[in-house]
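Below: one structure, written as structure tokens.
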Amino acid sequence: MTDISAAAGDGAGQAPWWRSAVFYQVYPRSFADSDGDGVGDLGGLREKLGYLELLGVDALWICPVMRSPMADGGYDVSDPRDIDPLFGGMAAMDAIIAEAHDRDMRVTMDLVPNHTSDRHPWFRAALAAGPASPERARYWFRDGRGPDGAEPPNNWPSIFGGPAWTRVIEPDGRPGQWYLHVFAAEQPDLNWENPEVAADFEQTMRFWLDRGVDGFRLDVAHGMAKPDGLPDMAHIPTHMLHLDDDDPRFNNPGVHDLHRGIRKIINEYPHAVSIGEVWVHDNTRFGEYVRPDELHLAFNFRLAQTAFEPERIREAVDNSLRAVSQVAASPTWTLSNHDIEREVTRYGGGAVGQARARAMILLEMALPGAVFVYNGAELGLPNVDDLPEAALRDPTWERSGHTERGRDGCRVPLPWEGDRPPFGFTTGTPWLPMPPQWAGLTVEAQLERLDSMLSLYRMAIELRAVRPEFAGPGLEWYGSPPGCLAFRRDGGLLCVLNATDAPILLPAGDVLLTSAPLSGRKLPANSTAWLI
Ligand code: GLC
């Protein structure tokens, strides 16, 4: 096994490997299936490591593969220190770590500190032990309000719809206390005020770091602390991604001590990175999560929430940079993930959506900081919005009383080869149906074509890694015509985006890469150019 810790910048004075890394997010259920059960697994991922090496990514972020009853695609963990047999068990994870390292790729795992599965032994014990027990004190059990305690303890809704509380049947057979679950009822929230919770999480982190993992994505990193007294919410939000920063379910000041505790442990593994899922809009409050003694990185979702409009894009970039620069942290960029509609669809779908997604990936890869690519984005996959209702698996569908379809549309398995579903993803029946129209989007169909989305990603990732023009932490905006954007990196790269519907003349400079073919010096509508 190669020692990549020395090669990738852990020495004194060198930037850490993750600062400008390209991370590839694997949603394991949907990536590649090795055993024909229709659900992707780590064996499938292992078979495709060569593909990811060819793509050129520096690191993997693997969504949860720990033991889970899969009520929320694995984000309901019943044993955080074992790999679910559905994904291939512990041996499969060890093989991924070893082989990814052999190929000079880092491996980061998704950990879920905010909640467990309702099948976790702690929660089973809490149900059995009854009110006021130490077992219940690891979670948020409360008596209900109203006559007989028949009303939930407060008015919080679950992110997936319905109330954030479920009433339990006590050991004596009568309805009794309620427990808090900000997500599905199968995901009871842990009480981080209980020192046993932090101690157990420490054990989990060490378990994986000692096995060779290079860091973690921390799920709901802004939600682990709850406010004193669990007060009612003043406004009930209408959509899971449009939360305001004062939502009492998230972003409570006590969360920062928890991150300081986590960071102390991670510091014992100097190569390792912690990346928080932080849905916080305000720049100052966002920056607090990446102070020098908290998380290394936090996902900034502004770009993923921004329409294809130059002014908005510029604001998103400026805000993301400002949020981290005030605490001297590194920015992160992401256009999509397993919770968000895919960018091709967000930008209008069809040929226009494809063109804009191509333009935006070049814009994103031109920025300083770490980039996160969601599996399938490199193939230009659109969302699948017409999945049959019977196929939907996201708990949102049931919990919203069939009013919100949820996130399955961005989780449809990847098409690898051939001309009809399941496109080499599995030898069985894929867990979500795959559209026959994806025949032109398979890896096989794109690999040799220079004009494909996949080739654009490969070229962009490579140039970003090797060219000196991408150096430096900063950028400067250039004057540009209406509907366009231009910035220059410290190292000299000039990035020009044309978001108008007509071609524009490029400024002086040698063209390094464009998201669409030029005609002469003219950059077509909905495209981006890199110049030096
Ligand atoms: C995060 C994950 C999401 C999951 C939720 C609950 O937001 O990204 O997929 O459903 O946490 O764990």
Side-chain angles (χ1 to χ4, degrees), residues 23 25-31 40 61-78 80 84 108-120 123 139-140 156-162 164 180-190 192 201 204 216-224 226 237 239-243 247 249-251 255 274-281 289 295 297-301 304-305 332 334-342 372 374-376 383 392-400 404-412 431-432:
F23 288 81
Q25 179 191 357
V26 178
Y27 193 70
R29 298 178 74 78
S30 304
F31 189 68
W61 150 26
I62 305 174
C63 284
V65 282
M66 292 80 74
R67 272 198 191 260
S68 164
M70 307 288 163
D72 182 22
Y75 282 94
D76 48 317
V77 177
S78 55
D84 200 281
T108 65
M109 289 179 86
D110 210 320
L111 294 186
V112 188
N114 181 68
H115 42 265
T116 68
S117 160
D118 63 341
R119 303 293 172 85
H120 189 289
F123 194 74
Y139 295 92
W140 295 96
W156 294 5
S158 143
I159 291 291
F160 297 150
L180 176 68
H181 53 87
V182 169
F183 296 89
E186 295 87 349
Q187 294 165 299
D189 281 56
L190 284 164
W192 274 79
F201 194 69
T204 298
F216 306 113
R217 180 257 191 193
L218 298 179
D219 188 60
V220 198
H222 60 317
M224 295 143 64
K226 307 293 187 261
H239 190 275
M240 81 176 262
L241 292 185
H242 301 154
L243 307 175
D247 185 322
R249 297 171 298 176
F250 299 102
N251 201 23
V255 79
S274 56
I275 311 152
E277 184 199 23
V278 173
W279 288 97
V280 171
H281 200 69
Y289 286 84
L295 293 158
L297 298 173
F299 287 101
N300 195 311
F301 295 109
Q305 292 176 301
T332 64
T334 182
L335 293 178
S336 54
N337 67 26
H338 63 297
D339 295 327
I340 306 175
E341 190 179 39
R342 285 189 177 275
F372 292 83
Y374 175 47
N375 61 195
N383 240 56
L392 298 178
R393 292 287 172 272
D394 185 339
T396 308
W397 173 241
E398 288 304 327
R399 290 197 59 87
S400 68
E404 289 207 36
R405 293 171 60 88
R407 302 158 293 175
D408 292 313
C410 68
R411 298 174 175 177
V412 171
W431 71 281
L432 286 174

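Residues take their numbers from the sequence shown, with the count starting at 1. The figures that follow rest on heavy atoms only: side chains count, while hydrogens, waters and symmetry mates do not. Just so you know, ligand 1 is whichever comes first in the structure, and atom 1 is the first atom listed for that ligand.
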Ligand 1 contact by Arg411, heavy-atom criterion under 4.0 angstrom: yes

Would you say Trp279 has any N or O atom under 3.5 Å from an N or O of ligand 1, going by distance alone? no

Measuring from non-hydrogen atoms of Arg217 to any atom of ligand 1, is the shortest distance under 4.0 Å? yes

Show me which atoms of ligand 1 lie under 4.0 Å from any heavy atom of His115. 6 (C), 12 (O)

Carefully, step by step, assess Asn251 and Tyr289 under the rule side chain to side chain donor-acceptor pair (under 3.5 Å). CA-CA 10 Å; Asn251 201 23; Tyr289 286 84; 2.7 Å; yes

Using a strict 4.0 Å cut-off to heavy atoms of Gln187, name the atoms of ligand 1 that fall inside it. 6 (C), 12 (O)

Glu398: what forms a side-chain contact (heavy atoms from CB on, under 4.5 Å) with it, not counting sequence neighbours? His402

So which of Asp219, Leu218, Asp76, Ile159 gets nearest to atom 11 (O) of ligand 1, if we judge by its closest heavy atom? Asp219

Trp61 and its ring pair (Phe, Tyr, Trp, His ring centres under 6.0 Å) partner, picked from Phe216, Phe299, Tyr27, Phe23: Phe299

Can you confirm whether more than 12 heavy atoms, excluding those of Arg405, are under 6.0 Å from its CZ atom? yes

Might you work through the ring pair (Phe, Tyr, Trp, His ring centres under 6.0 Å) test for His338 and Tyr75, ending with a clear yes or no? CA-CA 12 Å; His338 63 297; Tyr75 282 94; 5.3 Å; yes

Can you list the ligand 1 atoms lying under 4.0 Å from a non-hydrogen atom of Arg407? 3 (C), 4 (C), 9 (O), 10 (O)

Is it the side chain, the backbone, both or neither of Phe160 that has a heavy atom closer than 4.0 Å to ligand 1? side chain

Answer yes when Asp72 and Arg407 have at least one side-chain N-carboxylate O distance shorter than 4.0 Å, and no when they do not. yes

